[in-house]
Amino acid sequence: MKLITAIVNRKDSAGVCEVLAEKKVAFTKMASIGGFLKAGNITLLIGVDEKKVYDVIELIRKNCRTRKVAAPESVTAENDAAEVTVGGAIVFVTDVERFEKM
Ligand code: 2BA
């Protein structure tokens, strides 16, 4: 089993969650905040069989898009960039050593 951790832009979250539910992919949705922009995003925990990892990532990919976002003043002062490109999604895939449901 693998654990997909996906950080998704808030604007894409409804679409991504809807399609995962439609396809009967189990997930947990958590409210999260990006450390750089300090804007809300969502983090999805998705435990899946290894064979489904590719399909699930494609579902996420197709329902997210990149956006240019104005960087906050505190950020532009330090980094000299007026906008940053955010998303579609940041995805980590990790091995699950043990899974139990009780
Ligand atoms: P934030 O940390 O708020 O980052 C928002 C966007 O700002 C990033 O988009 C990236 O384009 C830019 N950015 C982030 N850190 C930067 C830096 N030190 N200097 C210049 N620009 C920077 P994404 O890369 O698409 O990331 C979207 C969100 O995904 C992030 O929101 C964060 O919540 C999460 N994330 C991204 N990479 C991560 C990682 N390696 N580990 C954990 N979370 C990550």
Side-chain angles (χ1 to χ4, degrees):
M1 187 180 220
K2 298 282 185 180
L3 178 66
I4 300 172
T5 305
I7 301 158
V8 177
N9 189 290
R10 198 166 276 282
K11 290 181 178 157
D12 293 321
S13 67
V16 171
C17 291
E18 202 175 297
V19 80
L20 290 174
E22 253 169 40
K23 301 282 179 187
K24 311 243 184 294
V25 176
F27 65 92
T28 295
K29 176 180 169 183
M30 303 187 293
S32 48
I33 294 174
F36 188 65
L37 295 180
K38 299 177 176 57
N41 49 35
I42 64 152
T43 298
L44 298 176
L45 299 182
I46 311 168
V48 284
D49 190 274
E50 191 165 354
K51 286 179 269 177
K52 291 193 178 159
V53 168
Y54 176 85
D55 290 345
V56 171
I57 290 176
E58 287 311 297
L59 287 178
I60 296 169
R61 191 192 307 282
K62 284 177 188 150
N63 288 279
C64 289
R65 62 181 184 84
T66 55
R67 292 182 176 81
K68 292 221 184 281
V69 177
E73 225 172 87
S74 56
V75 171
T76 49
E78 283 171 31
N79 294 274
D80 203 24
E83 51 182 28
V84 290
T85 304
V86 185
I90 299 292
V91 174
F92 303 92
V93 180
T94 46
D95 289 325
V96 174
E97 193 177 302
R98 179 168 164 173
F99 170 78
E100 285 193 34
K101 200 170 167 180
M102 52 199 86

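Bear in mind that the values here come from a model prediction, so they are computed numbers and not experimental data. Both counts, for ligands and for their atoms, begin at 1 and track the order of listing.
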Does Asn9 reach the main-chain N or O of Cys64 with its side chain, forming a donor-acceptor pair under 3.5 Å?
no
From Val56, Leu3, Ile57, residue fulfilling side chain to side chain contact (heavy atoms under 4.5 Å, CB included) relative to Val93:
Ile57
So is there a nitrogen or oxygen of Phe92 less than 3.5 Å from a nitrogen or oxygen in ligand 1?
no
State, with a plain yes or no, whether a side-chain heavy atom of Leu45 is found less than 4.5 Å away from one of Thr5.
yes
Hey, is the main chain of Ile7 close enough, under 3.5 Å, to the side chain of Thr43 for a donor-acceptor pair?
no
Just let me know how Ile7 lines up against ligand 1, side chain, backbone, both or neither, with a heavy-atom cut-off below 4.0 Å.
side chain
Here the atoms of ligand 1 under 4.0 Å from any heavy atom belonging to Asn41 are 28 (C), 31 (O), 33 (O)
A student checking ligand 1 against Leu37 at a 4.0 Å heavy-atom cut-off should list atoms 1 (P), 3 (O), 5 (C)
May I ask you to check if ligand 1 and Phe36 share an N or O to N or O distance below 3.5 Å?
yes
Heavy-atom distances under 4.0 Å are what count here, so tell me which part of Thr66 touches ligand 1: side chain, backbone, both or neither.
neither
Are Gly87 and ligand 1 in contact, using a heavy-atom cut-off of under 4.0 Å?
yes
Under the salt bridge (Lys or Arg N to Asp or Glu O under 4.0 Å) rule, what pairs show up with a residue in residues 14-39, not counting sequence neighbours?
none
Considering only heavy atoms, which of Val86, Thr43, Val91 lies nearest to atom 6 (C) of ligand 1?
Val86
When rounded to the nearest 0.5 angstrom, what is the spacing between CZ in Arg65 and NZ in Lys11?
8.0 Å
